[in-house]
Trainee: 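One structure follows; several queries about it will come next.
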Amino acid sequence: MTERGSWPLYEVFVRGKRGLNHVHVGSLHAADAEMALHNARDLYTRRNEGVSIWVVRAEDITASSPAEKDPFFAPSGDKVYRHPTFYAIPEEVPHL
Amino acid sequence: MAATEQELSAVFEQTIAADQRIEPRDWMPEAYRRTLIRQIAQHAHSEIIGMQPEGNWILRAPSLRRKAILLAKVQDEAGHGMYLYAAAETLGVDRAELTEKLIANKQKYSSIFNYPTLSYADVGVIGWLVDGAAICNQVPLCRCSYGPYARAMIRICKEESFHQRQGYELLLAMVNGTEAQREMVQESTNRFWWPSLMMFGPPDGDSPNTRQSMAWRIKRHTNDELRQRFVDMTVPQSEALGVTLPDPDLRWNEERGHYDFGEPDWDEFKAVISGSGPCNAQRLAHRRRAHENGAWVREAARAYAEKQTAKRTGRVAA
């Protein structure tokens with residue numbers, strides 16, 4: 001039951017400066033992607049918070065299910081040997 | 001196998017107890033969701049309506065410098081409204097629906113914006129007192145249990161600091177000016193002091209939602225705690241300005257280590273909240289008019305976007 005002129009939702013990602021990843025900062029409504037970019041500039045980078053912006057239609061995002069303890073992440077849960085701290089090395093051995 | 005409501009509720013309670021954030025797609029009690037939608041929507045509406053009292057002075061700013069500052073400030077208020085509507089939308093409501101509720105007078109906004117701005121000193125006093133009170137309220141919300149709300153508040157608090165400082169600087173310029181300018185600052189302070197204290201909401205004994213909101217870690221302090229903090233912060237600032245706060249009961253209490261102060265007129269507060277303030281009708285009518293006048297723009301932009309998509313994909317959009 002949306003208004004005739006209602007605009008779709010876009011998620012906004014901003015690169016704070018060169019060398020950093022784009023990070024999700026929020027969302028906004030816009031009629032199309034170009035307008036979403038302009039709105040994102042006005043809304044999320046009024047104080048030089050970004051050097052690059054991505055906008056993505058919210059409905060185009062595929063997400064894992066929300067629970068952190070979800071079985072989806074189970075494959076990595078029991079593989080402690082993937083972490084360097086799993087391996088005991090004598091203290092006197094250098095650079096390891 | 002789907003978890004029972006009891007199990008989901010236990011996970012929710014554990015997350016809150018561990019001071020972790022609840023995120024949009026997590027299970028949450030319906031009452032928690034409703035409380036947040038109400039609070040965030042009210043907050044967003046306040047930012048949007050809050051553009052009007054100061055917007056009133058943009059065309060009459062005394063210098064280009066002041067005009068640029070005021071424009072930037074009012075633009076920030078719009079931005080804050082947008083951050084907050086976006087946070088509310090993560091709870092499953094639609095921004096258009098919230099706007100409809102505001103202009104149909106079915107959701108509230110802060111009582112402070114129902115007072116008129118009668119002189120340019122009001123721009124300074126609003127920055128100093130109203131934004132100062134807002135900062136007191138909002139800083140603890142940066143640690144609110146609901147992630148998107150907390151993150152919006154972090155952005156907002158960073159920007160509010162500019163608002164408060166520009167207001168105070170404006171007042172400093174005025175109190176160092178002519179006698180007439182000093183009188184304007186005092187007169188404006190007299191009008192805004194009590195309404196600013198009311199921004200923290202009713203006294204704790206009369207605030208039915210506070211207990212549950214604190215248990216859910218949406219709120220971190222009671223209304224009276226925050227009001228006290230605001231008074232303690234503001235008195236030295238008023239002294240530096242040479243302005244008298246209009247409260248005969250205001251004095252330092254050595255024993256408590258806080259300022260004692262008088263009781264705001266809670267009947268006035270209730271009247272303004274329920275629609276009888278000096279500017280309620282005007283504020284809502286203005287917002288309604290802006291929304292209706294913008295309808296053709298929203299429709300045209302949508303139609304243009306659909307046409308472009310159709311051109312690109314070589315088919316007519318659904």
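Every chain is numbered from 1, with letters handed out A, B, ... down the list of sequences.
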Trainee: Please check if atom NZ in A/K79 has more than 12 non-hydrogen atoms from other residues, nucleotides or ligands closer than 6.0 Å.
Mentor: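 Yes, NZ of A/K79 has more than 12 neighbouring heavy atoms, counting only those of other groups under 6.0 Å.
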Trainee: Count the heavy atoms of every other residue, nucleotide or ligand shown that sit under 6.0 Å from NE2 of A/H38, and state whether that count exceeds 12.
Mentor: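 12 or below, so no.
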Trainee: Under 4.5 Å from any heavy atom of chain B, what part of A/L28 do you find: side chain, backbone, both or neither?
Mentor: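 Neither part; nothing is under 4.5 Å.
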Trainee: Which bit of B/Y85 comes within less than 4.5 Å of chain A, counting heavy atoms only: side chain, backbone, both or neither?
Mentor: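 Neither part.
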Trainee: If you look at every heavy atom in A/S27 and B/A86, which pair is closest and at what distance?
Mentor: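 Closest approach of A/S27 to B/A86, heavy atoms only: OG-CB, 3.5 Å.
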Trainee: Is a side-chain N or O of B/R25 found less than 3.5 angstrom from the main chain of A/S64, in a donor-acceptor match?
Mentor: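 Looks like yes, one N/O pair under 3.5 Å.
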Trainee: Go through A/R46 and B/E159 one step at a time and tell me if the side chain to side chain contact (heavy atoms under 4.5 Å, CB included) criterion holds.
Mentor: CA-CA 10 Å; A/R46 285 196 300 283; B/E159 300 179 352; 2.9 Å; yes
Trainee: Give a yes or no on this: more than 12 heavy atoms of other residues, nucleotides or ligands lie within 6.0 Å of atom CD of B/E13.
Mentor: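 Buried by this count: over 12 neighbours within 6.0 Å.
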Trainee: Salt-bridge test for A/R47 and B/D76: reply yes if a basic N is under 4.0 Å from a carboxylate O, no otherwise.
Mentor: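 Judged by the 4.0 Å cut-off on N to carboxylate O distance, A/R47 and B/D76 do form a salt bridge.
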Trainee: Within the distance-only criterion (no hydrogens, no angle test), does the side chain of A/Y44 pair as donor or acceptor with the backbone N or O of B/Y83 below 3.5 angstrom?
Mentor: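 Such a contact is absent between A/Y44 side chain and B/Y83 backbone.
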Trainee: To the closest 0.5 Å, what do you measure between CG (A/L43) and NE2 (B/H80)?
Mentor: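 Separation between the atoms: 9.5 Å.
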Trainee: Would you say the side-chain atoms of B/R298 pair up with the backbone N or O of A/W7, donor to acceptor, closer than 3.5 Å?
Mentor: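 Answer holds: no.
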Trainee: Do A/V25 and B/R155 pass the side chain to side chain contact (heavy atoms under 4.5 Å, CB included) test, and can you show the C-alpha distance, the side-chain angles, and the key distance before you say yes or no?
Mentor: CA-CA 10 Å; A/V25 293; B/R155 299 186 71 89; 4.1 Å; yes
Trainee: May I ask you to check whether over 12 heavy atoms, not counting those of A/N21, lie within 6.0 Å of atom CG?
Mentor: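 Counting other residues, nucleotides and ligands, CG of A/N21 stays at 12 neighbours or fewer.
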Trainee: Within a 6.0 Å radius of atom CG on A/N48, are there more than 12 heavy atoms belonging to other residues, nucleotides or ligands?
Mentor: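 Counting other residues, nucleotides and ligands, CG of A/N48 stays at 12 neighbours or fewer.
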Trainee: Which atoms of B/Q308 are under 4.5 Å from chain A, going by heavy atoms: the side chain, the backbone, both sets, or neither?
Mentor: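 Interface part for B/Q308: neither.
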Trainee: First locate atom CG of A/N39, then atom CE of B/M82, and finally report the distance between them rounded to the nearest 0.5 Å.
Mentor: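 If we round to the nearest 0.5 Å, A/N39:CG and B/M82:CE are 9.5 Å apart.
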Trainee: Pick one of side chain, backbone, both or neither for A/E49, based on which atoms fall under 4.5 Å of a heavy atom in chain B.
Mentor: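 Contact with chain B involves the side chain of A/E49 alone.
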Trainee: Just give me the residue among B/E23, B/K158, B/R95 that pairs up with chain A most often, heavy atom to heavy atom, under 4.5 Å.
Mentor: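 Sorted descending by pairs with chain A, the first entry is B/R95.
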